[in-house]
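Shown next, in structure tokens, is the structure this report addresses.
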Amino acid sequence: MSQSATSRKFWTRRRQEGMFGYLFASPWIIGFVLFGLYPMVMSLYYSMSRYDVLRVPEFIGLQNFSTLLSHDPYFWNAVWNTVFYTVVRTPLAIAGSLFLALLVNNAIRGVRVFRTVYFLPSIVGGVVLSVLWLWIFNPQYGLLNAFLNLFGIKGLLWLQSPEWSKPSLVLMSLWSIGGGRMIVFLAALQNVPLELYEVVDLDGGGWWRKFYHVTLPMISPVLFLWFIIEVIFGFQVFTEAYVMTKGGPLNSTMFYNLYLYYKAFDDFDMGYASALAWLLLLLSLVITLVQFTVGKFWVYYESER
Amino acid sequence: MPSRNTVITFLAAAGVVLFFVFTAPTRVVPHDGKLHLRYWMITGMKEIIPYYATSFNAMQDSIVVETTPIPWQEHEKKILTAVLSGDPPDVVNQVTPVAKWASRMALVALDDYIARDRFDTSAFFSSLWGEMKWQGHVFAIPVFSGSYALFYNRELFREAGLDPDRPPRTWDEVWQYNARLVKRDAKGQIVRMGFIPNYGNLMTSMLMAWELGAKFLSDDGKTVHLDDPAMVKGLEWTVKFYEAYPREDVAAFMAGFGFADQHGFIARKVAMMVLDSGFPDQIKLYRPNLDYGVAMIPSFEGCPTASASGSWWMAIPRGAKNPEAAWQFMKHAASKQAQLREVQMTEESLFPANKLAAADPEFINSRQREIFVAQMEYSHSPSIVPMAHDVFWREFLGAQERAIYGKQSPEEALKDGERVLQGILDEALAYDNYVRGQMTFPGVK
């Protein structure tokens with residue numbers, strides 16, 4: 001291979017290696033720019049426009065945002081519904097998974113079978129799960145009301161009442177507490193050094209002291225991670241409401257993303273929907289930052305000893 | 001280990017391959033000298049090539065229609081992205097209002113073709129033809145429609161001591177018949193209803209508003225009146241109904257309803273319902289021995305009956321490459337003969353948009369069909385506020401729900417809905433005003 005004098009000077013070994021590095025990373029870079037960065041930048045532009053996809057966008061500055069925050073009766077309702085769902089669901093889901101993980105962390109006979117059994121429900125998800133739960137919640141023929149009737153309790157109009165529709169969806173989401181989250185907690189629990197428990201034994205502490213003073217601090221980074229993941233996940237709740245309630249009754253399950261979807265794909269109001277999406281991003285960001293700040297007071301990292 | 005040259009050669013080759021993969025045309029067009037016309041058709045359950053496409057292919061040699069079925073739930077998004085891509089199909093089929101697409105400049109105007117071929121526009125039901133227009137231009141051709149009528153269960157009528165040959169004619173009679181048909185079990189749960197105002201293909205309150213002459217939009221298209229007195233009156237009837245039959249009880253009863261044999265009428269749980277002309281085929285499929293009758297939709301004493309049209313139309317999307325061939329195909333699909341054959345061949349009866357086909361003895365071969373045809377003459381377009389179509393219906397249904405739940409009076413609820421709707425319409429008009437300076441309607445000179 002013959003190289004000219006100038007190119008020899010330019011292509012130093014360092015530059016060459018750098019170029020190869022970028023070259024090998026280029027599939028990701030190209031993918032990110034085309035399918036990640038570009039759509040995000042465009043949606044930021046559309047969020048400041050009137051835009052219905054089929055016609056040219058009209059730049060209107062921050063008008064979409066001011067309409068959303070001050071004139072849209074559905075916006076705050078959607079925020080409230082979503083926050084309610086997230087705030088009620090997240091602790092329950094995490095506590096449930098932790099409880100199951102503690103149960104199947106014991107060295108009892110057949111524990112593998114139990115782990116599998118608890119994991120099984122989480123295999124079913126999305127639309128199928130929603131349709132299944134429509135029947136569980138059915139006021140006249142549903143399993144839930146039939147169960148309550150056994151104790152002489154008059155069943156509820158689960159999804160058909162504005163008071164119970166959100167709690168019903170929270171209840172339904174607990175279906176998968178034995179899923180991936182339980183497995184991760186289980187792995188975290190098995191990483192807790194046994195000698196720490198022995199120390200508590202020596203000091204005469206019971207199971208509660210072990211749990212509170214050893215288990216919780218040792219797995220707190222994992223708990224913290226899941227709190228962040230589940231809050232973000234909660235903000236994105238969509239499928240259940242889209243399939244089961246269409247946002248009703250009385251907009252009680254009109255969640256943020258469902259409202260965004262209707263705006264974008266029924267009304268073709270893509271500018272407004274983009275504004276909604278950016279506000280959701282900001283909201284998620286703020287809450288995650290708050291979580292990180294608060295996390296400093298309760299999350300314990302071994303490496304910081 | 002491969003040398004650096006080999007690696008570079010390999011990467012370069014991979015780059016070239018990727019380049020062609022992304023840029024090469026994805027469609028392989030056969031070189032048979034014919035024009036291959038791409039047609040996207042909405043399909044329900046079965047992916048079948050419609051008769052009007054096969055017959056069009058058979059009757060001439062220069063154009064081949066290639067039908068691509070698109071799923072019902074996805075059709076709007078599919079067409080949205082196809083138009084945006086600049087390479088849409090030549091003909092699309094849609095069921096959402098023409099104006100929703102035409103007002104957004106997504107369809108090609110057909111005025112020139114219609115004038116050139118002296119296309120007979122009076123052959124179609126007038127409410128359907130009206131839906132094809134936006135601002136005086138025609139943007140689509142109606143092919144099929146839904147027509148609606150009152151279905152009633154003769155067996156349940158007999159059980160309740162009603163005359164099975166005397167269906168209700170007025171809303172007062174519907175009320176009285178319902179009172180006799182409602183049945184509760186020992187625990188007080190509803191197990192049968194005569195009629196439910198918001199269950200069925202059309203909302204009772206809206207039917208009432210139409211027959212009382214509601215006018216929802218001002219003539220200049222700029223001001224909405226969701227709280228038109230006729231609408232208020234229609235909604236009051238529904239609210240009164242739920243005062244007599246508590247909403248919670250009816251909701252619990254209705255929660256088990258679904259499609260097929262879980263449908264309230266097919267399951268013999270609701271005795272009277274407003275349903276569409278395709279429904280007899282559902283009954284045939286899921287409960288062939290159901291003893292039912294079809295009658296005109298009831299109305300208030302002295303008012304004409306009212307119904308809705310639901311058009312199933314074809315159009316040329318903006319950017320399509322073969323408008324002339326597309327027009328020829330659409331003309332054929334809308335013709336009397338093609339529609340008659342199509343109606344006979346499909347499993348779930350379509351209702352022809354062409355009046356000549358609907359009036360043909362081959363189509364009108366039963367009392368049922370006569371009623372569906374008669375009902376079409378009283379149909380109203382569901383495209384009421386075309387520039388805010390989905391918002392109109394969402395606000396109307398939201399207001400109805402608030403009134404039924406007793407959160408607001410019908411009038412207050414409709415007023416609140418109207419405020420939201422007017423805001424959205426103002427936005428749409430402002431945007432339209434801006435776009436007019438940037439773009440033009442395709443096919444309009």
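Letters A, B, ... are given to chains in the order of the sequence lines, protein chains preceding strands, and every chain is numbered from 1.
In this structure the side chain of B:Phe139 never reaches within 4.5 angstrom of the side chain of B:Met105, judged on heavy atoms. Counting heavy atoms from C-beta on, the side chains of A:Tyr85 and A:Glu240 come closer than 4.5 Å. Two residues are said to be in side-chain contact when any heavy atoms from C-beta on lie closer than 4.5 Å; A:Leu283 and A:Thr82 fail this criterion. Counting heavy atoms from C-beta on, the side chains of A:Met48 and A:Leu44 come closer than 4.5 Å. Contact annotation: the side chain of B:Tyr199 never approaches that of B:Phe253 to less than 4.5 Å [non-hydrogen atoms, C-beta and beyond]. For the pair B:Met254/B:Val270, no side-chain contact is recorded, criterion being any heavy-atom separation below 4.5 Å from C-beta on. Residues A:Arg50 and B:Tyr434 are not in side-chain contact: their nearest non-hydrogen atoms beyond the backbone lie 4.5 Å or more apart. The shortest side-chain heavy-atom distance between B:Val92 and B:His75 does not fall under the 4.5 Å cut-off.
The heavy-atom pair separating B:Val191 from B:Asp185 by the smallest distance is CG1-CB, 4.0 Å. Across A:Arg15 and A:Trp11, no two heavy atoms sit closer than the pair O-CZ3, 4.1 Å. Heavy-atom minimum distance, B:Arg402 versus B:Gly417: NH2-N, 3.8 Å. A pairwise comparison of heavy atoms in B:Ala315 and B:Leu107 identifies CB-CD2, 3.8 Å as the closest pair. Of all heavy-atom pairs spanning B:Gln408 and B:Ala413, the tightest one is OE1-CA, 3.3 Å. The two residues B:Ile404 and B:Arg247 have their closest heavy-atom pair at CG2-CD, 3.7 Å.
Put simply, the side chain of A:Asn81 never gets that close to the backbone of A:Phe255: no donor and acceptor are under 3.5 Å apart.
Interface residue A:Phe24: only side-chain heavy atoms are found under 4.5 Å from chain B. In this structure, the portion of A:Leu23 lying under 4.5 Å from any heavy atom of chain B is its side chain and not its backbone. For A:Tyr272, no part sits under 4.5 Å from any heavy atom of chain B, backbone or side chain. Heavy atoms of B:Ala430 lying under 4.5 Å from chain A belong to its backbone as well as its side chain. If you measure heavy-atom distances from B:Glu248 to chain A, the contacts under 4.5 Å come from both the backbone and the side chain. In this structure, no portion of A:Trp158 lies under 4.5 Å from any heavy atom of chain B. Proximity to chain A is limited to the backbone of B:Ile190, based on heavy atoms less than 4.5 angstrom apart. For B:Asp432, the parts lying under 4.5 angstrom from a heavy atom of chain A are both the backbone and the side chain. Looking at B:Arg318, only its side chain comes within 4.5 Å of chain A, counting heavy atoms on both sides. Both the backbone and the side chain of B:Tyr431 come within contact range of chain A, judged by heavy atoms closer than 4.5 Å. Both the backbone and the side chain of A:Leu250 have a heavy atom closer than 4.5 Å to some heavy atom of chain B.
Side-chain contact, B:Gln422 with B:Glu395: no donor N or O sits under 3.5 Å from an acceptor N or O. Side-chain N/O atoms of A:Thr253 and A:Ser165 include no donor and acceptor closer than 3.5 Å. For B:Gln400 and B:Thr238, the side-chain atoms include no donor-acceptor pair closer than 3.5 Å. In this model, no donor atom of one side chain and acceptor atom of the other lie less than 3.5 Å apart for A:Tyr46 and A:Asn64.
Counting heavy-atom pairs under 4.5 Å between each of B:Lys187, B:Glu427, B:His389, B:Arg419 and chain A puts B:Glu427 at the top. Heavy-atom pairs under 4.5 Å with chain B were tallied for A:Pro139, A:Ser161, A:Gly247; the largest tally goes to A:Pro139. Across A:Leu134, A:Leu159, A:Leu157, the residue that shares the most heavy-atom pairs under 4.5 angstrom with chain B is A:Leu157. The most heavy-atom pairs under 4.5 Å with chain A, out of B:Ala106, B:Ala428, B:Ala252, B:Gly398, come from B:Ala252.
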Practice item. Please step through side-chain hydrogen bond (donor to acceptor under 3.5 Å, both in side chains) for the pair B:Gln94 and B:Thr96, ending with a clear verdict. Key: CA-CA 6 Å; B:Gln94 272 276 15; B:Thr96 47; 3.1 Å; yes
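For residues 53-60 of chain A, the interface with chain B (any heavy-atom pair closer than 4.5 Å) comprises A:Val53, A:Leu54, A:Arg55, A:Val56, A:Pro57, A:Glu58, sorted by residue number. Against chain B, no residue from residues 166-174 of chain A qualifies, as none has a non-hydrogen atom under 4.5 angstrom away. Near-neighbour residues of residues 65-78 of chain A relative to chain B, defined by a heavy atom under 4.5 Å from a heavy atom of that chain, comprise A:Pro73, A:Tyr74. Within residues 259-268 of chain A, the residues approaching chain B closer than 4.5 Å by heavy atoms are, in numerical order, A:Tyr261, A:Tyr262, A:Lys263, A:Phe265, A:Asp266, A:Asp267, A:Phe268.
The number of heavy atoms from other shown groups lying within 6.0 Å of NZ (B:Lys77) is above 12.
The ring of B:Phe392 has its center closer than 6.0 angstrom to the ring center of B:Phe216.
Atom CE of A:Met254 sits about 8.5 Å away from atom OG1 of A:Thr245, to the nearest 0.5 Å.
With B:Phe265 as the aromatic partner, B:Lys269 does not meet the cation-pi criteria of under 6.0 angstrom to the ring centre and within 45 degrees of the ring axis.
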